[in-house]
Peer 1: 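The structure follows.
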Amino acid sequence: MPRYDLHCHSTYSDGLLPPADVVRRAAARGVDVLALTDHDEVSGLAEAQVAAREAGITLVNGSELSVSWEDHTIHVVALGIDPTDATLLAGLAAIREGRDGRARRMAASLAEAGIPDAFEGARVYVTSEALISRTHFARFLVETGHVRDIRDAFKRFLTPGKPGHVAHVWATLSEAIGWIRGAGGKAVIAHPGRYKVTAADMRRLLDDFRAAGGAAIEVVSSSHTPAQYVEYATLARLYGLQASCGTDWHGPGESWMDFGDLPEMPAGTTPVWSDW
Ligand code: AMP
Ligand code: MN
Ligand code: MN
Ligand code: MN
């Protein structure tokens, strides 16, 4: 059975390694099929494809789109997209465009909390133009001694209700799924266990997602507990969605699970790769 890891990041978004190093690390740790899924970006895929051919593994063209659903931010992983599709590229560029203004508002919020110059501070860690993310602010907060580590940064700052978090409007769910399907890909709800939603909200999200043409949800993710693997496998079955798995790896020392560490998909699920 080939080993799949369908969610990870490179320096083209908020990961720490360039695509070729990400691919080599995944291959060395036993991954056979890898999807590179940089936030709102596909520019790392060409480099990743070259490295995957050299390493003898399969690279699935992916991305992770930032979406606003009701008043929640949801991430939708795209798998098997054509990275040259003009409508998809325009959509991703539009999402990225909002990030700079959002980052300035985040910095203003941190300044009010007594942490000045966070925009310039976070920019130091940005490795892809127009792709400034909360992760870059988290690295700045660690470096300047305001927090112990990345996890602490998100616990005390950068999350709803905390300094450094601001509301932001991303793409709509139906826009994102439309771009993904138009580019020949499948839409997957990323790490559903991470969203602070009620059970009723989750069911409405899954209804909306399926109605808009979504294909799968992440069942096995480094963001999930083993109990959540079972919970989301059950929801996948209930909603007729396929199941995906991914580490959401960002870099050495920054991620809860490394390549090759993903457990098997729970029995009774239909993997997202079953019809590839
Ligand atoms: P953004 O797209 O700018 O909102 O940033 C989202 C990114 O922040 C995610 O993709 C993760 O890389 C990171 N992130 C969010 N929450 C956490 C957390 N609790 N711990 C560590 N990283 C997080
Ligand atoms: Mn990230
Ligand atoms: Mn995500
Ligand atoms: Mn991710």
Side-chain angles (χ1 to χ4, degrees), residues 5-17 19 22 35-41 44 62-69 71-79 92 94-107 109-110 118-119 122-123 125-128 130-142 147-162 164-171 173 176 187-197 205 216-218 220-225 232 244-257:
D5 188 326
L6 302 176
H7 187 155
C8 69
H9 298 271
S10 77
T11 44
Y12 279 86
S13 61
D14 57 352
L16 290 173
L17 300 184
V22 172
L36 178 64
T37 56
D38 276 311
H39 297 285
D40 312 321
E41 183 55 276
S63 184
E64 182 178 13
L65 280 65
S66 309
V67 162
S68 293
W69 175 79
D71 54 353
H72 302 284
T73 295
I74 301 292
H75 287 174
V76 176
V77 162
L79 297 176
L92 294 179
I95 304 179
R96 289 196 303 272
E97 205 140 289
R99 282 187 173 271
D100 191 77
R102 171 194 185 233
R104 290 178 193 278
R105 288 185 285 124
M106 287 169 59
S109 165
L110 286 169
F119 182 79
R123 280 288 311 177
Y125 298 94
V126 169
T127 48
S128 179
L131 213 299
I132 184 161
S133 86
R134 284 186 291 158
T135 309
H136 302 116
F137 282 86
R139 290 180 189 142
F140 160 77
L141 291 170
V142 173
V147 296
R148 259 196 332 274
D149 52 25
I150 297 284
R151 200 187 290 216
D152 196 29
F154 280 95
K155 212 160 102 188
R156 293 172 48 201
F157 301 96
L158 310 174
T159 39
K162 302 289 166 63
H165 187 271
V166 298
H168 186 68
V169 179
W170 305 98
L173 189 61
V188 184
I189 294 189
H191 43 63
R194 277 241 307 256
Y195 308 127
K196 301 273 177 283
V197 298
L205 170 63
I217 60 175
E218 279 182 355
V220 177
S221 160
S222 65
S223 297
H224 289 172
T225 62
Y232 290 104
S244 190
C245 65
T247 50
D248 202 0
W249 193 80
H250 281 74
E254 273 199 13
S255 293
W256 293 312
M257 241 185 220

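We count ligands from 1, going down the list as the structure has it; atoms in each ligand are counted the same way. Excluded from the calculations below are hydrogen atoms, water molecules and symmetry mates; all remaining heavy atoms, backbone and side chain alike, are included.
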Peer 1: Can you find a heavy atom in the side chain of Phe140 that is under 4.5 Å from one in the side chain of Tyr125?
Peer 2: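 A side-chain contact under 4.5 Å exists here.
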Peer 1: Go through the side-chain N and O atoms of Asp248 and Ser222 and say whether any donor and acceptor fall under 3.5 Å apart.
Peer 2: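 No, no side-chain donor-acceptor pair sits under 3.5 Å.
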Peer 1: Establish, yes or no, whether the cationic atom of Arg104 lies under 6.0 Å from the six-membered ring centre of Phe119 and within 45° of the ring axis.
Peer 2: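 Arg104 over Phe119 ring: yes.
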Peer 1: I'd like the residue list for ligand 1, meaning every protein residue with a non-hydrogen atom under 4.0 Å from the ligand.
Peer 2: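 Under the 4.0 Å cut-off, ligand 1 touches Asp14, His39, Arg99, Arg102, Ser133, Arg134, Thr135, Ile150, Phe154, Arg194, His250.
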Peer 1: Under 30°, 30 to 60°, or over 60°: which ring-plane class applies to Trp170 and His168, parallel, tilted or perpendicular?
Peer 2: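 Because their plane-to-plane angle is over 60°, the rings of Trp170 and His168 count as perpendicular.
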Peer 1: Between Arg134 and Asp14, does any side-chain N to carboxylate O distance fall below 4.0 Å?
Peer 2: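 The answer is no: the pair does not qualify as a salt bridge.
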Peer 1: With the Mn ion (ligand 3) at the center, what angle do OE2 from Glu64 and ND1 from His75 span, rounded to 10 degrees?
Peer 2: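 Between OE2 of Glu64 and ND1 of His75, at the Mn ion (ligand 3), the angle is about 80°.
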Peer 1: What heavy-atom pair brings Glu218 and Tyr232 nearest, and what distance separates the two atoms?
Peer 2: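 What the structure gives for the nearest pair is O-CB, 4.2 Å.
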Peer 1: Need the atom name: nearest N/O/S atom of Asp14 to the Mn ion (ligand 2).
Peer 2: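 For Asp14, the N, O or S atom at the smallest distance from the Mn ion (ligand 2) is OD2.
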Peer 1: If you consider just the N/O/S atoms, which atom of His39 is the closest one to the Mn ion (ligand 2)?
Peer 2: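 Output for this pair reads NE2.
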Peer 1: Between His224 and His191, does the ring centre distance come in under 6.0 Å?
Peer 2: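 When the ring centroids of His224 and His191 are compared, they turn out to be at least 6.0 Å apart.
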